[in-house]
Number of protein chains: 2
Amino acid sequence: MGSHYNGESEQQRALDCFIKLLRATESVNTEVHKSVFAEGLSESQFGILEALLHLGTLNQNQIAKKLLKSGGNITLVIDNLVKQGLVSKEKRSEDRRFYWIDLTDKGRRLIEHLFPRHAENITKRMAVLSPEEQILLGKLCRKLGKNNKQ
Amino acid sequence: MGSHYNGESEQQRALDCFIKLLRATESVNTEVHKSVFAEGLSESQFGILEALLHLGTLNQNQIAKKLLKSGGNITLVIDNLVKQGLVSKEKRSEDRRFYWIDLTDKGRRLIEHLFPRHAENITKRMAVLSPEEQILLGKLCRKLGKNNKQ
DNA sequence: ATAAGATACTTTAATATTAAACTATTATAT
DNA sequence: ATATAATAGTTTAATATTAAAGTATCTTAT
């Protein structure tokens, strides 16, 4: 059992864990968003409406950072939400570089209707794991998610 | 501490675990594919080359199922790989509904060069977790990934 | 005061992704 | 035999996504 064997075994374990992580996340995420898709919203559109509901008025830069997406992407998704009458986009006099994005009444009604159902979907799906397992999974993900390159 | 409180607490735990899972997966996946992007390949293109390397000649339907993507998507990504001269696409006489996809010499050289580096990247990144933690994470993901709707 | 740099957003070009409607080919039921 | 169904792949229209190059606005250094 030399170092070569151990190296291969370590790699096998890492690849196996990695692929399971990808597949599980993909599966849960797709299933959880079904009720969102059924309402004609994309995952990105829903993400922006949700951020506006919980954080209030935001500019596009804040939204891009919150959702970890590029600025160009946010421009497009916001414009599609504006076309659907779900959010408003306006420049204010303070600093004319910013656009301020907010929910319209229609957008607020929609996300207030959708979010509780979404949270329930997540809760039901995660209930495959016990409370302790969920806490453990969260801790492992937090450790893994930390970007510790030196 | 009535059932309402417990319901909220259960939901909080589930949402917290869910968001950590999404973020960690996104972070690891993006970082791990950096050397792939640096070679001018997309994640999907790399996925197809990898499948062909490990499984041999496949038709588009098999590739779609393996990568959990739609048929239309596979048509496009394969055509882009054909344009780059990395895979071949041919109909055979047996059943003329199928296109058979295989690595070209150029494609094989590329993926044989890239895959070991990719596996190393995954191994390095997953090494944030101990071997035991990786095994545990894999088990939790496997349990979670199972689509048990009744 | 003004030039240089930073910040916010847009546009473009390329790839990805899906659903739905489509064509072509093969299998099956009568 | 032939109509019907199933299977493999394509096309289209819509949305997403990024990087890179561009515009507009504000801040800072001199």
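Quick caveat, the model's predicted, so the values are computed rather than measured. Hydrogens, waters and symmetry mates play no part in the numbers below; they use all other heavy atoms, side chains included.
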Checklist outcome for this item: Quick note, B/Asn61 side chain, CB onward, closest among D/dG9, C/dC9, D/dT17 is D/dG9
Item to check | Presence of B/Gln62 side-chain N/O under 4.0 Å of D/dA8 phosphate oxygens OP1/OP2 | outcome: no
Checklist entry - Heavy atoms under 4.0 Å, any strand shown: does B/Ser44 hit a base, just sugar-phosphate, or nothing? => result sugar-phosphate
Checklist entry - Does a side-chain N or O from A/Thr75 land closer than 4.0 Å to OP1 or OP2 of C/dT10, or not? => result yes
Checklist entry - Roughly, in whole Å, what's the span from CD1 in A/Ile101 to C1' in C/dA8? => result 11 Å
Checklist entry - Checking side-chain hydrogen bond (donor to acceptor under 3.5 Å, both in side chains) against A/Asp95, which of A/Lys91, A/Arg92, A/Arg97 comes through? => result A/Arg97
Next on the checklist: For B/Arg108, run the side chain to side chain contact (heavy atoms under 4.5 Å, CB included) check against B/Leu52, B/Leu86, B/Leu53 and tell me which one passes.
Outcome noted: B/Leu53
Checklist entry - Distance check: side-chain N/O of A/Asn80 vs OP1/OP2 of D/dA16, anything under 4.0 Å? => result yes
Checklist entry - Can any side-chain N or O of A/Gln62 pair as donor or acceptor with the backbone N or O of A/Asn59 at less than 3.5 Å? => result yes
Checklist entry - In whole angstrom, what separates B/Lys69's NZ from D/dA16's P? => result 17 Å
Item to check | Between D/dT17 (P) and A/Gln60 (CD): distance, integer Å | outcome: 15 Å
Next on the checklist: From CZ of B/Arg96 over to P of D/dT10, roughly how many Å is that when rounded to an integer?
Outcome noted: 13 Å
Checklist entry - Between A/Ile78 (CD1) and D/dT15 (C1'), how many Å, whole number? => result 14 Å
Next on the checklist: Taking 4.0 Å as the cut-off, does a side-chain nitrogen or oxygen of A/Lys89 come that near to OP1 or OP2 on C/dT10?
Outcome noted: yes
Checklist entry - Can you tell which of C/dT18, C/dC9, C/dT7 lies closest to the side chain of A/Arg97? => result C/dT7
Item to check | B/Asn29 vs B/Glu43, side-chain hydrogen bond (donor to acceptor under 3.5 Å, both in side chains): CA-CA, chis, key distance, verdict | outcome: CA-CA 10 Å; B/Asn29 196 40; B/Glu43 192 178 326; 3.0 Å; yes
Next on the checklist: What is the distance, to the nearest angstrom, from the CG atom on B/Asp95 to the P atom on C/dA27?
Outcome noted: 6 Å
Next on the checklist: Once you apply a heavy-atom cut-off of 4.0 Å, does A/Leu76 come out as touching a base, just sugar-phosphate, or nothing?
Outcome noted: base
Item to check | Interatomic distance, A/Glu90 CD vs C/dC9 P [rounded to whole Å] | outcome: 13 Å
Next on the checklist: By the 4.0 Å heavy-atom rule, please label A/Glu43 as base, sugar-phosphate, or nothing.
Outcome noted: nothing
Next on the checklist: If I take atom CZ in residue A/Phe98 and atom P in nucleotide C/dA6, what distance separates them, rounded to the nearest angstrom?
Outcome noted: 16 Å
Item to check | C/dA19 OP1/OP2 closer than 4.0 Å to side-chain N/O of B/Asn73 | outcome: no
Checklist entry - Contact class for B/Leu68 (heavy atom, under 4.0 Å): base, sugar-phosphate, or nothing? => result sugar-phosphate
Item to check | Main-chain N/O of B/Ser130 paired with B/Glu133 side-chain donor or acceptor, under 3.5 Å | outcome: yes
